[in-house]
Colleague: 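Sending over a structure as structure tokens; questions will come in a sec.
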Amino acid sequence: MNASYLRFAGRRLLQAVVVVLLAYVFTFVVISVLPGDPVTNTLRNPENGFTEEEIARIVAYYGLDQPVVVQLWQSLSHFVVGDLGVSLRSNLPVTRLVAEVVPSTLALAASALAVALVLAFAVAYGTQNLPRRYGQGVLRALPSLFLSVPAFVVGLLLIQVFAFQLGLFRVIEPDGAWATFFAAVALGIPVSAQVAEVLITGLDHESRQEYAAVARSRGLGQARLFAKHLLKPSSLPVVTVVALTVGELLGGALIIETIFGRTGVGSLVQRSVSTQDLPVLQAVVSLAAVVFVVVNLLADLVYPLLDPRVRLDRAPRKAAGQPGPEQPTPEQPILERQVSVP
Amino acid sequence: MTVTAAAPAGVAAAPASSALLRVEGLTVAYGRTHVVSDVSFTLGRGESLALIGESGSGKSTIARSLLRLLPDAGAAHGRVEFEGRDVLSLPERQFRPLRGRSLGFVPQDPGSSLNAVRTIGAQAQEAAALTGERDAGTRRRLILDTFAQVGLDDPGRVYDSYPHQLSGGMLQRVLIGLAVLPRPALLVADEPTSALDVTIQKRILDLLSELRADLGISLLLITHDLAIAAERADSLVVLRDGVVQEAGPTAQVFAAPRSAYARELQADVPALNPDRYRALRETRAGSAGDPGSAEATEAAPRIELRGVTKAFTVEGRRLTALDDVSFAVRHGTTHALVGESGSGKTTAVRLLLGLDQADDGEILVAGEPVHGRSAAGLRAVRRHLQLVYQNPFTSLDPTWRVERLVREPLDRFGIGDRAERTVRVREALAAVGLAEELLARRPGALSGGQRQRVAIARALVLRPDVLVLDEPTSALDVTVQADLVEVLVRLQAELGLTYVFVSHDLALVRQLADTVTVLHRGRVVEGGEVEKIFATPAAPYTRRLLDSIPHPSGG
């Protein structure tokens with residue numbers, strides 16, 4: 001599979017780059033058609049007392065007098081080489097502003113994902129391996145419970161118990177591993193519910209398959225059956241779900257950051273929106289697009305490694321049933337469904 | 001009822017306790033539904049016993065009870081003694097060591113019985129581990145030896161393959177290999193060949209017989225095919241609705257079945273009754289034999305293929321699916337296309353129906369050429385030519401009622417007004433012997449045989465004169481199959497239909513067809529009158545196919 005896998009990976013990577021660029025253009029267009037523009041709002045604000053001449057100079061400096069298409073082209077060509085422009089509010093490079101807050105948010109999101117996965121796999125393991133009398137029913141009810149409690153409620157509860165009563169971490173200017181851990185727990189619990197749900201469904205489905213019975217007849221115990229046979233095929237939908245919940249993780253991270261008093265992308269976005277700091281907004285939205293694309297790229301790349309049946313060639317073969325003479329396909333019906341063709 | 005299978009002469013003196021497997025009063029229930037009731041039988045060391053029955057007879061449930069592989073909802077009661085220990089009451093901890101080591105299992109459907117996301121080798125290692133061999137290299141060698149022993153050509157490649165890269169026959173060999181590798185005392189084979197081609201079926205059964213002889217493994221064979229059971233088993237247990245109908249040594253049950261059901265089964269197996277439909281078919285021949293029509297049939301065959309060639313490009317390789325295939329079908333007769341998977345049968349049918357376009361050659365239906373190109377031409381062809389599909393469980397839309405299923409072709413072709421369509425739907429239903437009450441049912445509420453009759457009614461409603469039957473009975477039980485064949489023969493006699501009958505079941509072909517074309521890898525190996533070819537096959541491939549029809553020794 002190696003050569004074809006590399007070709008496949010290369011193709012996906014190329015697609016990912018194209019998607020990121022399109023997302024950037026899309027954001028740019030959306031922001032430029034939004035009502036209200038920063039020039040009018042800040043420069044023409046009588047309190048600031050700029051003269052028309054000064055305003056013209058500033059507008060020219062930022063290239064805002066150019067047509068939108070030219071602006072887009074300039075902005076895009078800078079973006080491609082990693083230059084995100086200068087913040088309108090603080091005059092600092094956007095790259096620096098973003099770099100200050102991104103690590104904290106990424107750490108939170110990544111820890112939350114880790115918490116979610118560990119929790120989900122633990123619950124799923126329990127549903128398959130614990131004897132029925134040890135509360136399998138309770139474990140199966142957990143995902144819906146997790147899903148029905150919003151992250152901010154869990155967050156407040158955790159703060160109440162672990163910050164205020166036990167004093168494990170501070171909520172004002174939080175630092176240290178505990179602060180990140182509990183924020184990640186609050187954020188990860190609803191995500192874990194979705195992962196656990198598909199995982200349990202997958203495991204239940206797989207354990208009913210004929211190959212599972214045959215493997216049991218080969219003397220495998222439940223634990224080995226779970227680890228060696230059931231887990232891998234059941235993890236396939238998990239990959240998809242994780243890729244889809246990344247958006248939720250990022251969105252949730254902004255809320256959780258506020259509750260836990262953390263400085264992160266959330267506070268940056270809040271400030272930029274209220275001051276119409278367009279270059280920063282553009283950068284943050286593009287960054288989100290990059291994260292999405294990267295995660296989906298990873299999911300695409302992992303899938304064939306988990307399931308050898310995934311076809312890597314560009315065009316899936318036309319019409320499934322074309323049995324050539326030496327193909328080891330079983331006899332198949334001529335059409336899947338009976339359709340009388342006029 | 002207990003079968004004490006006749007022990008081989010040499011062991012006759014051994015005490016009764018030498019029985020390897022003794023099943024007494026086995027009852028299996030799902031909730032209040034009993035699927036197996038009070039079944040008893042005994043299997044001695046080195047012997048073979050066949051459990052025979054149709055779908056729903058409980059035969060697979062019995063196998064799974066012995067192996068303790070029943071789903072959680074199933075509850076087994078009674079006594080299953082294996083090597084003197086009661087399997088049903090053993091704690092899991094004590095039963096698990098028996099799995100694989102003493103009790104081997106060969107499942108029914110090789111395609112779904114191996115984990116698709118793990119290599120064959122990784123799964124084979126699990127079986128090899130049961131031998132107690134600690135060294136992975138030695139285990140690997142053991143596995144490769146076993147693969148060679150079960151007739152897999154390139155054991156190394158098989159070891160590294162994933163299941164989807166191998167054919168059904170190869171996978172079944174792998175599964176048999178994995179089951180016998182730890183040298184179990186008993187092999188439970190649940191329909192080990194029903195998903196396979198006939199010649200492969202024969203080879204797999206031969207393999208099981210050999211392994212039984214070489215390794216002294218006892219065999220519990222679960223099958224719906226009386227002919228196979230008669231050929232391969234020392235004794236039989238015939239089941240219906242979970243109740244034993246008849247049991248005893250094969251020769252005895254076979255020569256003189258006492259129960260009505262066993263007699264019916266025996267009568268319905270094509271391999272055992274080559275002349276079953278002869279009388280019916282002769283009435284047809286008589287009606288078609290008046291001078292006028294005989295002349296007409298001489299003049300123009302209903303269907304003719306002349307030098308038809310078709311190739312596909314698969315993964316960059318060009319594969320010839322049909323190579324210079326010619327045959328002709330006379331009006332009112334049945335022509336069989338015979339061959340194994342990949343022989344080109346399906347391609348030939350697709351071309352005939354205009355679903356694909358031949359690369360070369362000519363296809364004539366009633367003297368008119370079939371082209372896949374023009375929609376109008378195809379419409380005309382399909383008025384004459386209708387297809388009945390292989391699997392009635394998947395070919396009917398489960399959300400439609402019978403009435404709509406049968407009426408749909410009339411709607412599509414815009415034939416008649418509403419009243420006339422209703423009349424024709426009822427006619428078609430009556431022709432296939434279905435009661436009008438079924439009109440309001442959905443496929444889910446019909447049996448397999450009824451579904452296939454609906455499919456035939458659907459084809460008949462357009463009053464075509466040719467029916468293409470693609471393995472029309474292979475998804476059905478023997479007795480249901482026999483009913484359906486009877487319907488087909490009767491319809492042919494009444495309506496003067498011409499059949500193109502695609503099948504891998506040579507015994508059925510012998511019962512049903514007038515002429516036959518044997519296909520192998522896209523080429524015509526042999527063709528002509530069925531009786532002549534079955535009596536004196538010229539090609540080695542035809543002989544091999546014919547040899548694969550089970551020949552019960554007990555008869």
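On a predicted model such as this, the values are computed, not experimentally measured, just so you know. Chain identifiers are assigned alphabetically (A, B, ...) following the order of the sequence lines, protein sequences preceding nucleic acid strands; residue numbering begins at 1 within each chain.
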Colleague: Less than 4.5 Å to any heavy atom of chain B: does that hold for the side chain of A/Arg224, its backbone, both, or neither?
Modeller: side chain
Colleague: Would you say that more than 12 heavy atoms from the other residues, nucleotides or ligands in this model lie under 6.0 Å from the CZ of B/Arg523, or not?
Modeller: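 Not buried by this count: 12 neighbours or fewer within 6.0 Å.
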Colleague: With only heavy atoms counted, which part of B/Leu67 is less than 4.5 Å from chain A, the side chain, the backbone, both or neither?
Modeller: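 Neither the backbone nor the side chain of B/Leu67 comes within 4.5 Å of chain A.
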Colleague: For A/Glu210, give me all partners under side-chain hydrogen bond (donor to acceptor under 3.5 Å, both in side chains), at least two apart in sequence or on another chain.
Modeller: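 Result, side-chain hydrogen bond (donor to acceptor under 3.5 Å, both in side chains) vs A/Glu210: B/Arg64.
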Colleague: Locate the shortest heavy-atom distance separating A/Lys228 from B/Asn115; write the atom from each residue and the value.
Modeller: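 A/Lys228 and B/Asn115 have their closest heavy atoms at O-ND2, 4.3 Å.
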Colleague: Do you know which two heavy atoms are closest between A/Val214 and B/Phe105, and how far apart they sit?
Modeller: CG2-CE2, 4.1 Å
Colleague: Within the structure provided, determine whether A/Arg218 and B/Arg99 are in side-chain contact (heavy-atom separation under 4.5 Å).
Modeller: no
Colleague: My understanding is that only residues two or more places apart in sequence, or in another chain, count here; which of them pass side-chain hydrogen bond (donor to acceptor under 3.5 Å, both in side chains) with B/Thr131?
Modeller: none
Colleague: Among B/Leu69, B/Leu103, B/Leu178, B/Val188, find the residue that satisfies the side chain to side chain contact (heavy atoms under 4.5 Å, CB included) test when tested with A/Ser217.
Modeller: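 Looking at B/Leu69, B/Leu103, B/Leu178, B/Val188, the match for A/Ser217 under the side chain to side chain contact (heavy atoms under 4.5 Å, CB included) is B/Leu69.
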Colleague: Of the backbone (N, CA, C, O) and the side chain (C-beta and beyond), which part of B/Leu181 lies under 4.5 Å from a heavy atom of chain A, both, or neither?
Modeller: neither
Colleague: Which pair of non-hydrogen atoms, one from A/Pro308 and one from B/Val117, has the smallest distance, and what is that distance?
Modeller: CD-CA, 3.7 Å
Colleague: Under 4.5 Å from any heavy atom of chain A, what part of B/Gln123 do you find: side chain, backbone, both or neither?
Modeller: both
Colleague: Can you list the residues of residues 105-129 of chain A that sit under 4.5 Å from chain B, counting heavy atoms only?
Modeller: none
Colleague: Rounded at 0.5 Å granularity, tell me how far CD in B/Glu126 sits from NE2 in A/His229.
Modeller: 3.5 Å
Colleague: The criterion is side-chain hydrogen bond (donor to acceptor under 3.5 Å, both in side chains); which residues satisfy it with A/Ser148, sequence neighbours excluded?
Modeller: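 For A/Ser148 there are no side-chain hydrogen bond (donor to acceptor under 3.5 Å, both in side chains) partners, ignoring immediate neighbours.
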Colleague: So what's closer than 4.5 Å to chain A heavy atoms on B/Leu175: side chain, backbone, both or neither?
Modeller: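 For B/Leu175, the contact with chain A is made by the side chain alone.
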